[in-house]
Visitor: 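Got a structure for you, questions after.
Along the sequence shown, residues carry numbers from 1.
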Amino acid sequence: MRPLHPAPTLMTAAREHATDMMRRDYIAMESPDGTSLADRAGGSMRGAHVAAYRETGAELAAELLAGDTGTDCDLTTIGVGRAVGGKCGFYWAVIVGVD
């Protein structure tokens, strides 16, 4: 897989979703009102991961590498969002996609 580059739309979607999870106290791909991470990201999303409690990007990367991240060789972009606060302390959303 080639290196991924940050995509502003995916970064915004990931940040919005992480913040929403923190504010509304949930950890899921879909918010309580039914808005999904895919809805936020638009058509370029090909995979995603949400998490909480992990303070650093290194902790999150270890989790992603340990599991199925849904990655493939066609991916070109990434968006990462982190929100600090709430019950879990840290909330993350990672989106991978294509240009």
Side-chain angles (χ1 to χ4, degrees):
M1 189 164 80
R2 62 185 172 244
L4 303 176
H5 65 274
T9 55
L10 298 184
M11 297 292 282
T12 298
R15 188 172 41 254
E16 287 175 357
H17 197 77
T19 300
D20 191 50
M21 289 192 302
M22 186 242 344
R23 287 186 178 147
R24 295 168 65 180
D25 191 27
Y26 70 94
I27 307 164
M29 301 290 270
E30 187 173 296
S31 72
D33 68 7
T35 303
S36 71
L37 191 49
D39 295 333
R40 296 178 201 276
S44 66
M45 181 176 137
R46 296 295 181 268
H49 183 78
V50 295
Y53 298 106
R54 285 83 179 156
E55 183 174 354
T56 68
E59 291 173 312
L60 182 63
E63 178 179 315
L64 290 170
L65 291 172
D68 177 16
T69 60
T71 58
D72 63 50
C73 294
D74 295 330
L75 298 174
T76 57
T77 58
I78 188 167
V80 179
R82 176 181 157 200
V84 178
K87 182 178 174 182
C88 295
F90 301 92
Y91 295 80
W92 294 85
V94 178
I95 306 167
V96 290
V98 296
D99 289 321

Visitor: Are Ser36 and Met45 packed together at the side-chain level, in the sense that at least one heavy-atom pair is separated by less than 4.5 angstrom?
Guide: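 Ser36 vs Met45: side chains apart.
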Visitor: With a 3.5 Å cut-off and no angle check, do the side chains of Tyr26 and Asp20 form a donor-acceptor pair?
Guide: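 Their side chains do contain a donor-acceptor pair, which is all the 3.5 Å distance test asks for.
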Visitor: Do Met22 and Ile27 share a hydrophobic cluster (ILVMFWY, side-chain heavy atoms under 4.5 Å, transitive)?
Guide: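 Linked, Met22 and Ile27 end up in one cluster.
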Visitor: Does Arg24 have more than 12 heavy atoms from other residues, nucleotides or ligands lying within 6.0 Å of its CZ?
Guide: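 Atom CZ in Arg24 is packed in, count exceeds 12.
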Visitor: Quick one: CG on Leu37 to CD1 on Ile95, what's the gap to the nearest 0.5 Å?
Guide: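 Taking CG in Leu37 and CD1 in Ile95, the distance rounds to 4.0 Å.
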Visitor: Looking at Thr76 and Asp99, would you say the former's side chain and the latter's main chain have a donor-acceptor pair under 3.5 Å?
Guide: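 Yes; at least one donor-acceptor contact below 3.5 Å.
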Visitor: Answer yes if Leu75 and Ile78 sit in the same cluster of Ile, Leu, Val, Met, Phe, Trp and Tyr residues linked by side chain heavy atoms under 4.5 Å apart, and no otherwise.
Guide: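 Cluster IDs for Leu75 and Ile78 match.
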Visitor: Got a second to check how far Leu10's CG is from His17's NE2, nearest 0.5 Å?
Guide: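 NE2 of His17 is found 13.5 Å from CG of Leu10.
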Visitor: When rounded to the nearest 0.5 angstrom, what distance separates CE in Met21 from NZ in Lys87?
Guide: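 Rounded to the nearest 0.5 Å, the CE-NZ separation comes to 14.0 Å.
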Visitor: Following the transitive rule for hydrophobic clusters with a side-chain heavy-atom cut-off under 4.5 Å over Ile, Leu, Val, Met, Phe, Trp and Tyr, establish whether Val84 and Met11 coincide in one cluster.
Guide: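 No, it is not one cluster - the side chains of Val84 and Met11 are not joined through contacts under 4.5 Å.
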Visitor: Can you tell me how far the OG1 atom of Thr77 sits from the CZ atom of Arg46, to the nearest 0.5 Å?
Guide: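 It comes to 8.5 Å.
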Visitor: Give, for atom CD of Glu16 and atom OG1 of Thr35, the distance between the pair rounded to the nearest 0.5 Å.
Guide: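 Here the interatomic distance stands at 10.5 Å.
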Visitor: Looking at every non-hydrogen atom in both residues, tell me the closest pair between Ala14 and Gly81 and how far apart they are.
Guide: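 Closest approach of Ala14 to Gly81, heavy atoms only: CB-N, 3.3 Å.
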